[in-house]
Amino acid sequence: MAAVRDVVIIGGGVNGLVTAFYLARAGRKPLVLESRPVVGGAAVTAEFYPGFRGPILAHAGGPLLPQIERDLQLEKHGLSVVEPEICVFAPSPDGCGLLLRRDAKETARGIAQFSARDAEKYVEFSALLARYGALLRQLLSLTPPVIAKPGSEDLWNLFRFGRNMRGLGKKDMMRLLRYGPMAVADFVAEFFETELLRAVIAARGVLGSAMGPWSAGSTAHLLLQAATDSHPARAPWFPRGGMGALSDAIAAAARAAGAEIRCDAAVEKIIAKDDVATGVVLKGGEEISAEAVVSSADPRRTFLELCDPSYLGPDFLVKIQHFRGKGTLAKVNLALDGLPQFTGLVRANGARAAQGSAGAGSENAPAALQGRIHIGPEIDYMERAFDASKYGAFSPHPWLDITIPSLADVSLALAGKHVMSIYAQYAPYKLKDGDWATRGDEFLKTVINTLAEYAPDVPQRVLGAQLITPVDMEKEWGMTGGHIFHGELSLDQLFTMRPLIGWARYRTPVRGLYLCGSGTHPGTGLNGASGANAAREILKDSAG
Amino acid sequence: MSAADFLDQWFETDVLKATMSASGIIGTFLGVRSPGTAYVLLHHYMGEIDGAFRAWGFSRGGTGAISNAIAAAAREAGAEIRTQAGVERILVQNGRAIGVVLEGGEEIRAEVVSSSIDPRMTFEKMIGERELPGDFMEEVRRYKYRGSSGKVNLALDGLPEFAAIPGTGRHLRGAISVSPAVDYMERAYDQAKYGEFSRRPYIDMVIPTLTDPSLAPPGKHVLSCFVQYAPYNLKEGTWDDKRDEFGDTVVDTIAEYAPNIRSLIIGRQVLTPLDIERSVGLSEGNIFQGELSLEQLFFLRPMAGWARYRTPIRRLYLSGSATHPGGGIMGAPGRLAALEILKDIGK
């Protein structure tokens, strides 16, 4: 058997790679084991139809936390980011549309065509979200404190956070406490009267989640997302070349710092002796011994699949079995023979402004379509989409969140052709009637037909299509339940309770085994925070 | 966490989970799968009867008998109680409550005014926004009521027979819950979300005449049905037009379980949330004076910064279900408010 490795990291997704970087930078010798042929996990770019490459799973992520971005120096490692001026285009079924821009005041001018009151409120809302985002951002890079017996560092961090919270002023602070547990539908209704605007903003509170806009606590989800990007509807942050380019750059940074990365190396078992992790066994039988094992896989996979139950004890196992995470999001990638024509774009608010700068008619389309396209015109539409999933059916009219990455990077498709990347929600992990293997095509058709209501030429432009259901995400990417955040971001599974109360500090009941994936705090997407926090805790243990 | 998720951790039998989940939604505008309903479920286990924690009970003579007993205790302690004395207005002078005016014009001066009605009725109806800070009124208007339940009282010629357990035995003496499946409960909620009453509602029934026969003529019975969901705001039509249709829906639903019910009905009273608002003065017919959702509980009930029974008006207090810990017939808000009032007046 080969020499004992220092640290092995299970999974080469964004969090696993970020952990590897920080460990390597501190002089450790991490070995990353990725089961797929490429690094990146959910953030990968690949060919899905001859001549068409795209962000296979995640199509928007980040931004990385500023500190992580500075530490990794990703531009140096080949990352180039596109940040389109128009963030969201949201068509409505009556042929109108809403454009949300990066700048709040400019956006407000467009919203004024729908409602003068909303235009005014939008500026106020943007500012409020920016204040809350800045405050909550501090939480993202904290290790959740031990509530029963906080240490001095915990107390200091909580004190600092409390002080900053008071800095919001009494009114904002009280409002924040009230907003958190609210349904996001109520939250947006406190500000806006335009249904389309409400729906666009509320959408972020339910992304990837088994919640609808009327579910309590969806506002907390939205506010946590605002901690990495406080634009009311997210400001797109697209790596040129798709999300895979982000992963490649992080991997390059980790390698440069001294990490080793192996692809096609699927871990089958974690081994422990006397409650201490001693290494892993790969599929095929290869055994790798290590001083420490770090898993970026989700908690249920880590503890229920990779660990022997005898390591953990029945109480812990029962709690992990109850960790909730049934995916609701499916991914559709389309190869299109040209740019689709959205009817709502002609009459979209601010379209005149876009025409002014980029010419009339279809000439202005690329600029307006470079951000995300939101299809889900009303809160009730979104909620009805969710209703179906509660009973094990996919939405007959799903909410779609779309990007066209080939607009920013023409090399992704053949000349003149385009790649369309779609998050389609809700597509529950478990269907009541039939299964995804037999009903996938039906859902794909549903997505394309829904899209056609807003861009009628889409069906005839489709050259090829790829559907990735939550079941595929579980099979191919190892995400239990096909949940993109590795587990619901609900109030009872956040911060000191992620994944479990008492086990939110990246350590596990097995000494030398750590978690660093989205199933740990904050776990809110491709921002690297979980990975960086875990690395800090691992280094603390080895220093002590 | 939702009531359904919470119960999933304990049980696998659908009808058991559904019946228990009902405690998570009573009086709320939430479904059994809505996050936060696990709390409401536990909220209903807060009370105790004769030292038995989380016990529920019936009082002989109906819940009115509880009120009468409490009133007797209050009188004995020295309180005076006047009925048919509807308060129309609270008198405020220089930011301080100085008394009330009754319907009919009688004026009663007082050192302290304590209001056990909800914030909307207290501040919007009985005081008016001129006396109150704008920020505060904004919060008062934001406070959510969203009554979601109705009440149907049936006068019966005899006891109903349920297909599941024939006969008229002991099983009729407790609560009878129409809640056959978790999905049934959730679908009932779905319709309410879009402004309709449930076509197949959750019904919680009791037959109080089995505990206290004096409530009806000999051999006759009373069937008291708590029905959810009946949203205060209907998308189409008004409750005045839909009252009978709602009553029919309830009877039809019961008939699916107790087929002889229709032939037994001698009389029927249907109380919609609108009727509850009109007759009892509960805004939007919410039986808890405001939704028991997380953002309206504890230090946020009824609103942030005003959860300590005091109000922006000096010597005016809130002591109803709209204050911590909220609804249910348990008396806690009234007691806690009294303690605060005593602190302030130095007794």
Side-chain angles (χ1 to χ4, degrees), chain A residues 169-187 189-191 205-206 209-221 318-326 378-384 386-393 432 488-494 497, chain B residues 1-10 24-25 28-40 133-136 138-139 141-144 146 181-196 235 291-307:
Chain A
K170 189 178 172 202
K171 191 176 167 195
D172 271 6
M173 183 174 86
M174 285 300 194
R175 279 162 85 187
L176 178 60
L177 293 172
R178 191 169 65 84
Y179 289 147
M182 260 167 63
V184 73
D186 274 330
F187 178 59
E190 284 197 8
F191 292 87
V206 298
S209 149
M211 292 193 285
W214 281 112
S215 299
S218 41
T219 306
H221 190 184
V318 167
K319 285 180 182 153
I320 281 292
Q321 276 158 2
H322 288 148
F323 184 67
R324 286 174 294 111
K326 283 207 174 113
E378 292 171 347
I379 293 286
D380 276 2
Y381 176 104
M382 308 274 292
E383 184 71 17
R384 283 183 204 278
F386 167 60
D387 283 348
S389 74
K390 292 191 296 191
Y391 309 106
K432 193 166 186 184
E488 277 292 302
L489 290 164
S490 54
L491 290 174
D492 55 328
Q493 296 193 158
L494 288 178
M497 294 178 274
Chain B
M1 194 187 286
S2 74
D5 282 332
F6 176 72
L7 293 164
D8 272 343
Q9 299 191 358
W10 290 89
I25 52 139
T28 75
F29 203 88
L30 296 167
V32 295
R33 290 195 196 283
S34 302
T37 47
Y39 168 78
V40 183
D135 271 11
F136 180 79
E138 202 180 307
E139 298 292 322
R141 279 189 287 265
R142 213 170 253 167
Y143 183 71
K144 293 190 284 276
R146 296 185 180 160
V182 171
D183 278 359
Y184 175 101
M185 302 292 280
E186 187 67 14
R187 283 186 205 279
Y189 166 59
D190 282 350
Q191 286 162 348
K193 280 194 299 195
Y194 308 110
E196 297 164 41
K235 198 164 194 174
E291 218 181 335
L292 289 181
S293 51
L294 288 178
E295 74 270 23
Q296 299 195 156
L297 285 175
F298 201 45
F299 66 95
L300 297 169
R301 190 168 188 89
M303 47 207 97
W306 299 103

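Numbers restart at 1 for each chain; the letters A, B, ... are given by sequence-line order, proteins then strands.
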Residue part contacting chain B, namely of M173(A), when any heavy atom lies under 4.5 Å: neither
Spacing of CD belonging to E488(A) relative to CE belonging to M1(B), to within rounding of 0.5 Å: 11.5 Å
Contacting moiety of S215(A), where chain B heavy atoms sit under 4.5 Å: both
Test side chain to side chain donor-acceptor pair (under 3.5 Å) applied to R146(B) - qualifying residues, sequence neighbours left out: D186(A)
From CZ (R142(B)) to CZ (R175(A)), nearest 0.5 Å: 6.0 Å
Within residues 28-35 of chain B, residues adjacent to chain A where the heavy-atom gap is under 4.5 Å: R33(B), P35(B)
Portion of E383(A) that has a non-hydrogen atom of chain B nearer than 4.5 angstrom: both
Region of D380(A) in contact with chain B, defined by heavy-atom distances below 4.5 Å: both
R324(A) side, atom CZ; S2(B) side, atom OG - distance, nearest 0.5 Å: 6.5 Å
Atom pair CD/CE of E139(B) and M174(A) - distance to nearest 0.5 Å: 10.0 Å
Where W214(A) and Y189(B) come nearest, the two heavy atoms and their spacing: O-OH, 4.2 Å
Candidate list R187(B), K193(B), E186(B), test side chain to side chain contact (heavy atoms under 4.5 Å, CB included), partner D387(A), passing option: K193(B)
Partner chain A: residue of D190(B), L300(B), D183(B) with the largest heavy-atom pair count (under 4.5 Å): D190(B)
Reported CG-to-NE2 distance for the pair D5(B) and H322(A), which is rounded to 0.5 angstrom: 10.0 Å
Residues K170(A), D135(B); criterion salt bridge (charged side-chain N to carboxylate O under 4.0 Å, His left out); working and verdict: CA-CA 12 Å; K170(A) 189 178 172 202; D135(B) 271 11; over 6 Å; no
Exceeds 12 heavy-atom contacts within 6.0 angstrom, atom NZ of K144(B): yes
More than 12 heavy atoms from other groups under 6.0 Å of OH on Y391(A): yes
